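In what follows, a single structure is set out as structure tokens and then discussed.
Remember, predicted model here, so these are calculated numbers, not experimental data. Chain A is the first sequence line, chain B the second, and so forth, proteins listed ahead of strands; every chain is numbered from 1. Atoms considered below: every heavy atom in the structure, side chains included; atoms not considered: hydrogens, waters and symmetry mates.
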There are 2 protein chains.
Amino acid sequence: MAATLADVAARAGVSSATVSRVLNGNYPVAEATRRRVTEALRELNYVVNGPARALAAATSEVLGVLVNDVSDPFFGVLASGIQREAAEADLLTMICHTAGSADDELRYMELLLRQRARAIVVTGGGPEDDGHRRRTADLVRQSVSRGTRVVFCGREAPPDSEAASVVFDNDGGAAALTRLLLAAGHRRIAYLTGPPHHTTSSARVAGARQALTEAGIDPDSCLWIRSGFSRAAGLEAGRELVRAGVDCTAVVAGNDLTASGVIASFRACGVRVPEDVSVAGFDDLPVAVDVVPELTTVRLPLRSGAVTAGRIATGARRTAPGAVVRMPAELRSRDSVAAPGGGLTGMAGRLRAH
Amino acid sequence: MAATLADVAARAGVSSATVSRVLNGNYPVAEATRRRVTEALRELNYVVNGPARALAAATSEVLGVLVNDVSDPFFGVLASGIQREAAEADLLTMICHTAGSADDELRYMELLLRQRARAIVVTGGGPEDDGHRRRTADLVRQSVSRGTRVVFCGREAPPDSEAASVVFDNDGGAAALTRLLLAAGHRRIAYLTGPPHHTTSSARVAGARQALTEAGIDPDSCLWIRSGFSRAAGLEAGRELVRAGVDCTAVVAGNDLTASGVIASFRACGVRVPEDVSVAGFDDLPVAVDVVPELTTVRLPLRSGAVTAGRIATGARRTAPGAVVRMPAELRSRDSVAAPGGGLTGMAGRLRAH
DNA sequence: CGAGGCTCAGTAAGCGCTTTCTACGAACCG
DNA sequence: CGGTTCGTAGAAAGCGCTTACTGAGCCTCG
């Protein structure tokens, strides 16, 4: 049913090699022949057989992107930036949703490896688990030995691996944010960390603790609350903070999504931001300026990080094996942080019934 | 470098056919042989060559999903539902981001076709453009003739095509929502439609107009404003409505994202929802209950629609060629709609400076 | 005018797998 | 004990493409 190169060749009165050459344009073909072939191609509605080409050429035209959550804008920005670069290199981007599961991450890496993907970009933070890291390192090794480039974006590649990484300065960003809060006079700060045992969460926590320590404040005098990276996690955490009447004048959310959730539940409880409590986010996602008040947050250059990762993956940018590109973080001071207000204490009574 | 079937066969002292049989388990192999092969497989770190297998077997293990926007939760829910079904059938899901561009949609369909994907699921509404529909129909025909199943989810397949469709009752949902508003006493309603010339937008507009007409109200006495399906579009539209001091007591947003944007800008302008103006959404995305007040909206069974589409795509559910599965819409009445209030007129003065 | 160079296109050898066909023992039967 | 059947595994023919390698014309030039 489907036309093959041979069919097209027969119709154009040439050999299949010539058709292939016309298709790929990497060998000279006389203009008249080219026209005849092009014609036949069109008449037969020819569509390249990707697998056959991949087999013969020992490579394919797909670039795989692993994301934790397709519906999270953080990954949306990353994925679309990488995709743009891939398109530039005529690669088809396959986005695979790992749902944050370490096992799925490995499974998808292996599947992409099977497909002989040209490159794999693993985005976002990952589990802080040596077993997982080792298995990842194994797959990276196999991928590289089979010619599949691997790039990590948002996390460092496993140690001693040949994969390049593009990392964001979560550490420094969190420190800067904490210093801003300190400078505004805040001392009792509640930190909502991201998911536990997760590289991104840990880096942010570490940065904040360091800034605190440098300012002569015992990090353990602050509140460290495990949360998630979703809006829902922020809603819940916010509600809990009010219910418990936690003694703090500022809340640092795990990211902007969480911050928007915190603000929403604060508002529902009559807590004013930033008058009563300041709230800060992280990432500077689009939502940061949609929210009222606009979020003080840390801008991560996601777009350009994604582009960089994409360029390394497509080979448009060459790096040494195991290279690490560090992207700076930048403070974005907006309306959600002000001088310390009355705090949350005593607000519990205002919690609306539900 | 990479081990092939032949390498494994040599090591296990069998033929490559036997190794293939062990791998696929579709032919009997003596237990002892199987063990030896399995061992060799492991020792050599064998990874199947996907393209070679796809070429020989004339099919592949990938299922492609086309989405308009990877960072929109509407598509996130759809994509993850489809993916779950795909995983069930041992297929690798590739999500392709078309950015809502009709051209990219075709390009990606073609790329998936090249890859001899097992199935393609096209999600979301699409352009109402006969040229596009014709070209889509062409690709569907080619796909089907090459054994790639095509399923549309959220839009009907082009006429006379063999592709199945899963569609949501946008029409009926919009009508029900309008009737709810009418019953609450609203007469001056502003409708923010989605993007123009888009099947989803049109269906929702049509449903609303019909309900209006049935109630003896001239649809043209309402305001129909072109907008988008994003939160940003809602923010902007909300701001404009206030600035223009539009005379209406209710706003029906294109979807929940837009509704949340409208509410945010209303709040920023001091317009109370629902006291001054009621606001309704569409889709019942997670954000609908995060927002304050919680959104009155139309629930679309996205998850189960996605699962259905996924099952048709994997072949787990058989349908007649061109079958259309209709998913019902259901009203979700919450807090953002109440009896008519003072409306927007005269609010323009309250618009905060920026 | 013949040797050497160029341009263009055909031949054919794979790429690594699946699968049909065939072959070989062993077990079984009359 | 010869013939049949069954279970198991090898041989080999592709799948549709890419890409050396080869060769046929034709032009150039000493």
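In this structure, A:L41 atom CG and D:dC17 atom P are separated by 10 Å, rounded to whole Å. Going from atom CZ of A:R116 over to atom C1' of D:dC17 covers 17 Å, rounded to whole Å. Counting to the nearest Å, the P atom of D:dC17 and the CG atom of B:N49 are 16 Å from each other. Atom-to-atom, CZ of B:R114 to C1' of D:dC17 comes out at 13 Å; the value is rounded to the nearest Å.
Proximity of a side-chain donor or acceptor of B:R118 to a complementary backbone N or O of B:S60 within less than 3.5 Å is detected. In terms of modelled atom types and a separation under 3.5 Å, the side chain of B:S161 and the main chain of B:A157 share no donor-acceptor contact. Under a 3.5 Å cut-off, the side chain of A:H97 and the backbone N or O of A:V70 do form a donor-acceptor pair. The main-chain N or O of A:S304 is found under 3.5 Å from a side-chain atom of A:T308 such that the two form a donor-acceptor pair.
Taking a cutoff of 4.0 Å between a charged side-chain nitrogen and a carboxylate oxygen, A:E88 and A:R317 do not qualify as a salt bridge. Residues B:E39 and B:R11 are not paired through a salt bridge, judged by the lack of any N-O separation under 4.0 Å between the basic side chain and the carboxylate. Remark: A:R34 engages A:E31 in a salt bridge, criterion side-chain N to carboxylate O under 4.0 Å. Between B:E110 and B:R146 no salt bridge is recorded (no basic side-chain N to carboxylate O distance below 4.0 Å).
When heavy atoms are screened at a 4.0 angstrom cut-off, B:T4 is found touching the sugar-phosphate backbone but no base atom. The residue A:Y27 sits close only to the backbone: its heavy atoms come under 4.0 Å of sugar-phosphate atoms, none of a base.
Two end axes, each from the C1' atoms of five base pairs, can be drawn for the helix from C:dC1-D:dG30 to C:dG30-D:dC1; they diverge by 50°, to 10 degrees.
The 5' end of DNA chain D is approached more closely, in terms of each residue's nearest nucleotide, by B:L55 than by the other of A:R21 and B:L55. Along DNA chain C, the nucleotide nearest to B:A17 and the one nearest to B:P51 differ in position, and the one closer to the 5' end is contacted by B:P51.
First and last contacting nucleotides of DNA chain C toward chain B (any atom under 4.0 angstrom from a heavy atom, 5' to 3' order): C:dG16 to C:dT20.
Across D:dG14, D:dC17, D:dG10, the shortest atom-to-atom separation from the side chain of A:Y46 is found for D:dC17. Which of D:dA9, D:dT18, D:dC17 sits closest to the side chain of A:S20 comes down to D:dT18.
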Practice task
Begin with the C-alpha distance, continue with both residues' side-chain angles, and end with the deciding distance and a verdict on salt bridge (charged side-chain N to carboxylate O under 4.0 Å, His left out) for B:E156 and B:R133.
Solution key: CA-CA 10 Å; B:E156 283 200 29; B:R133 247 197 286 259; over 6 Å; no
